[in-house]
There are 2 protein chains.
Amino acid sequence: MIKLSKKIEYGILALQYIAIHSDKIISAKEISEQMGIPYEFLSKTLQQLMKKGLIQSQQGIRGGYVLSRKPADLTVKDIIIALEGKSSFLDCFVSSNGLICDRSPNCSIKDPMEKLQFKVMQVFGTTTIAEIATI
Amino acid sequence: MIKLSKKIEYGILALQYIAIHSDKIISAKEISEQMGIPYEFLSKTLQQLMKKGLIQSQQGIRGGYVLSRKPADLTVKDIIIALEGKSSFLDCFVSSNGLICDRSPNCSIKDPMEKLQFKVMQVFGTTTIAEIATI
DNA sequence: AAAAATCGGATTACAATAGTCGGATATTAT
DNA sequence: ATAATATCCGACTATTGTAATCCGATTTTT
């Protein structure tokens, strides 16, 4: 299906929440409770976003997360790549050499699909958290 | 993952094949063999495309499939909708009233995500089989 | 020292995708 | 007519990926 995973959905919700409350540091627990997201799963997602540098963490009591960049510099594409790597429409665009399925390299839809994917990624790449949060 | 399902991938490959060989009627067996797609699975996919009116079938020996419309009038979006219904990025856009998840109707990302989805669907809706087949 | 938070590996549960099987029906060629 | 070849279609199974959970360790503030 053409669908965003829960992980990405939660990631967007969380970053939006952090962006809106950027005056203070936000704990995973607060986001979990306010947004209705399973705590453990959200924690993992935030840790992943932290590893990829989209947010910064503070451990201990009164700890939590803050954005590393301005919401206007944070795109949906960034979140997708941080949480799922260079995901692609078809398997053939994942590997470095572009050869995964049986049809490669003479696949008749490889090139057009690659163009299609580029266009879609362009849409994701030009939608920012700032827009989503309408700060 | 942001990925097209095998069903859609096979659907695009099959329609492209039929479009290129539009001078004759094409059997599922031929497409299966030429494109390396599991026969039974492809058959189901073609039957589904037939039910949705994208192709027409002819039973019996020397039977097979032909396109119902010109390749230039057949978009990737048409194929996606025929094979997966009104698929959407988030669950909330699937139901008629737009209310599925716990956050609805006060979901903070519903509107921006809907716009995002619209843009992406526009990309799929403007890519035709004719382009993919480069007839 | 206790409390509250992040960190992170391992495991489980579930759902969707992908593929298979068996048989029925239709059409054409011989 | 009948055999061959194709679509048609429901039910089933296998596989994979997603989503969620569990448990313990670590960090930091009070």
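Model, not experiment: these values are computed from the prediction. Chain A is the first sequence line, chain B the second, and so forth, proteins listed ahead of strands; every chain is numbered from 1.
When atom types are taken as modelled, the side chain of Gln56(A) and the backbone of Met50(A) share no donor-acceptor pair closer than 3.5 angstrom. When atom types are taken as modelled, the side chain of Ser22(B) and the backbone of Ile18(B) share no donor-acceptor pair closer than 3.5 angstrom.
Atom-to-atom, CD1 of Ile55(B) to C1' of dT7(D) comes out at 11 Å; the value is rounded to the nearest Å. The CZ-P distance, from Phe41(A) to dC14(C), rounds to 15 Å in whole Å. Rounded to whole Å, atom C1' of dC22(D) lies 17 Å from atom CG of Leu42(A). To the nearest angstrom, P of dT7(D) lies 8 Å from CG of Leu46(B). Atom pair Ile61(A):CD1 and dA2(C):C1' shows a separation of 9 Å (rounding to whole Å applied). Rounded to whole Å, atom P of dT15(D) lies 16 Å from atom NZ of Lys6(B). The interatomic distance linking Arg62(A) (CZ) with dA2(C) (C1') rounds to 14 Å, in whole Å. Counting to the nearest Å, the C1' atom of dT7(D) and the CD atom of Gln56(B) are 14 Å from each other.
For the pair Tyr65(B) and dA6(D), the criterion of a side-chain N or O lying under 4.0 Å from OP1 or OP2 is not met. Residue Gln48(B) places no side-chain N or O under 4.0 Å from the OP1 or OP2 atom of dC9(D). For the OP1/OP2 pair of dC8(D) and a distance below 4.0 Å, the side-chain nitrogens and oxygens of Ser57(B) include at least one atom meeting the criterion.
Here dT18(D) is the nucleotide among dT18(D), dT6(C), dA29(C) with the atom lying nearest to any side-chain atom of Glu84(A). Distances were taken from every side-chain heavy atom of Gln47(B) (C-beta onward) to each of dC8(D), dA29(C), dA19(D); the shortest belongs to dC8(D). Out of dA19(D), dC8(D), dT27(D), the shortest distance to the side chain of Gln59(A) is found at dT27(D). When distances run from any side-chain atom of Tyr39(A) to the nucleotides dT6(C), dA19(D), dG19(C), the shortest one goes to dT6(C).
Closest heavy-atom contact between Pro71(B) and Thr128(B): O-CB, 3.6 Å. Minimum heavy-atom separation, Lys24(A) to Val66(A): O-CG1, 4.4 Å.
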Could you walk me through whether Gln47(A) and Tyr65(A) pass side-chain contact (heavy atoms from CB on, under 4.5 Å), step by step?
-> CA-CA 10 Å; Gln47(A) 285 164 34; Tyr65(A) 299 91; 4.0 Å; yes

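The pair Lys52(A)-Asp78(A) does not meet the salt-bridge criterion, since no charged nitrogen lies less than 4.0 angstrom from a carboxylate oxygen. Looking at Glu84(A) and Lys3(B), no side-chain N of the basic residue comes within less than 4.0 Å of a carboxylate O on the acidic one, giving no salt bridge. Salt-bridge annotation for Glu33(A) and Lys29(A): present, with a side-chain N of the basic residue lying under 4.0 Å from a carboxylate O of the acidic one.
More than 12 heavy atoms of other residues, nucleotides or ligands lie within 6.0 Å of CZ in Arg69(B), so this atom counts as buried by the packing criterion.
In the model, Gln48(A) has a side-chain atom that pairs as donor or acceptor with a side-chain atom of Lys7(A) under 3.5 Å.
Listed in residue order, the members of residues 25-35 of chain A having a heavy atom less than 4.0 Å from DNA chain C are Ser27(A), Ala28(A), Lys29(A).
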Check nucleotides 10-13 of chain D against the protein and report each pair of N or O atoms closer than 3.5 Å, with its distance, or say if there are none.
unit_1	atom_1	unit_2	atom_2	d
dG10(D)	O6	Lys44(B)	NZ	2.6

